Protein chains: 2
Amino acid sequence: MNSDKAYDFIRERILSGEYPPGHALMTNVLSSAIGVSRTPVRDALRQLEADGLVIIRPRLGASVKTMDLKEFRELCGLRVALEGYAAGLAAQHRTDADLHEITFALESLKSLTERFIAAAEEQPIRGELAQEDVRFHIAIMTAARNDLIKREILRLHLLNRVVSGPAPKNREPAPPDFKASRHPHLSEVQAEHEQIYEAIKRRDVSAAEDAMEKHLQSIVENSLRTMARAENRLIAKELTKEELNYTT
Amino acid sequence: MNSDKAYDFIRERILSGEYPPGHALMTNVLSSAIGVSRTPVRDALRQLEADGLVIIRPRLGASVKTMDLKEFRELCGLRVALEGYAAGLAAQHRTDADLHEITFALESLKSLTERFIAAAEEQPIRGELAQEDVRFHIAIMTAARNDLIKREILRLHLLNRVVSGPAPKNREPAPPDFKASRHPHLSEVQAEHEQIYEAIKRRDVSAAEDAMEKHLQSIVENSLRTMARAENRLIAKELTKEELNYTT
DNA sequence: AGCAGCGCACTTGTATACAAATTTTGCAAG
DNA sequence: CTTGCAAAATTTGTATACAAGTGCGCTGCT
């Protein structure tokens, strides 16, 4: 269906960062870019709004969703609630096959983490690491045997990725204290992964919930820091812009 | 905006039970009923799909969402996760004003419950009771200070209401053992409400979570029973229909 | 030079027209 | 009387045309 074509087209660009948060999505531009009329584009935008990736304001048009710190924190809260509960469910319902899948993702994560810490060139591994991380989380959600929760969590993951950063490409090459501050965090994260795994393995519901919640809290703190930095930088930028007005 | 008019129109009928689960929603019928063209109707249907109230299958049209037992259980799981977490948040963040609001709803519930048990005529009170119940829950969600979670929970409540029953009007006037079986449940529910309230009052996070989860579990069990009955009755109905074919 | 007000271009929202697809109806054969 | 098939009738999805609202720039004034 043409409407789906438009949906995929726009969604891809949002997820890849080509359309960053705040980017205006005008129906006629999109329709000529995709090669369909405005009707299926409007349809696609409504679906993307349902995903939370796009916001449509009447008469003002659609744009890629942006979030302030407050909303982002709330989003993280939602994730904690859902993923924590799902981890508990996984501990209850997991089969051996599920456990095997989780183990596999965990091992990949482990080796990637070690390679990442040792590597000089960070960027190529960073992507793989993120991918394995979602694989790990998805394996757990699958083991929880609740498709509704799984879909919802996936949705939140995507939304989180989109709003939390203008994609990794826009990052400075090597901030001075970045490496030092990030790597202890990484091994900590890996330890948390293993605790979650252990709890699910021995079918300990509340331990699984707690471990997952703690894990997300620590991830969230990190995200919030980088997000706060980004917001500060934005404000700084605006100030300098105003200063430019003053100096002219 | 006309699209909103269509949205409200359809939504109201779904929530009131006039369009029961499974009811086909055809764009031309709706458009002439509402007095707008098919375009805003399609738009409205997409929004309702985002709410989960409508399902659109390509080329097959839209219909009011139906759920089988499995999906319903999953929905309830979602509610447990979200409302449990939100109760914990409420215990953390509640102000005295929040508590006052909750108290008010709780008191209304208490007196209504007592009147309900004593009353001969059940139906008029039943509606008030349900309304006060959501008021109680909403007061807690408000105290949790997380609008995203609050909106999500409200969405789930509505969805739950729509799929769980073909509206109260379609219920038998007075099933014989219904009153006996329902009233202990009701006072039990009221006791659970009070436990939730107490936990939030004394800012006991995990007690609030546990109480809310237990409360929902008991509600859910009840819903599942009635839902299973409904499904059985449906199957029975279909069988008799087939039997009719045999007898003719 | 700065600012107010007006008008134009652009964009959204809605209606209508048309093509594709699905369901239903009618008909004929077993 | 049932079953299978074909064609008509709905119904969806898409394109296009048009009305209405928004924002921007331009001109003219102070």
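Residue numbering restarts at 1 for every chain, and letters A, B, ... go by the order of the sequence lines. On a predicted model such as this, the values are computed, not experimentally measured, just so you know.
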Distance, rounded to the nearest Å, where [X] contributes [atom1] and [N] contributes [atom2]:
X	N	atom1	atom2	answer
B/Glu49	D/dG13	CD	C1'	15 Å
A/Ile34	D/dT14	CD1	C1'	14 Å
A/Met26	D/dT22	CE	P	18 Å
A/Leu25	C/dG13	CG	P	13 Å
A/Arg57	D/dG21	CZ	C1'	15 Å
B/Ile56	D/dT11	CD1	P	16 Å
B/Leu30	D/dT10	CG	C1'	15 Å
A/Leu45	C/dG13	CG	C1'	13 Å

Which nucleotide in [options] has an atom nearest any side-chain atom of [X]:
X	options	value
B/Pro40	C/dA15, D/dG13, C/dT12	C/dA15
B/Leu60	C/dT23, D/dA15, C/dC18	C/dT23
B/Asn2	D/dT14, C/dT14, C/dG13	C/dT14

To the nearest 0.5 angstrom, please state how far the [atom1] atom of [X] sits from the [atom2] atom of [Y].
X	Y	atom1	atom2	result
B/Phe136	B/Phe104	CZ	CZ	13.5 Å
A/Asp98	A/His93	CG	NE2	11.0 Å
B/Leu48	B/Ile14	CG	CD1	5.0 Å

Within less than 4.0 Å of OP1 or OP2 of [N], is there a side-chain N or O belonging to [X]?
X	N	result
A/Thr27	C/dT12	yes
A/Ser37	D/dA15	yes
A/Arg42	C/dG13	yes

Q: Output yes when B/Glu49 and B/Arg57 qualify as a salt bridge under the 4.0 Å nitrogen-oxygen rule, no when they do not.
A: no

Q) Are A/Lys65 and A/Glu71 close enough for a salt bridge, meaning some N to O gap below 4.0 Å? A) yes

Q. Which residue lies toward the 5' end of DNA chain D, A/Asp4 or B/Asn28, if each is placed at its nearest nucleotide?
A. B/Asn28

Q: Indicate, yes or no, whether a donor-acceptor pair under 3.5 Å links the base of D/dT12 to the side chain of B/Arg59.
A: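 Side chain to base: pair found, below 3.5 Å.
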
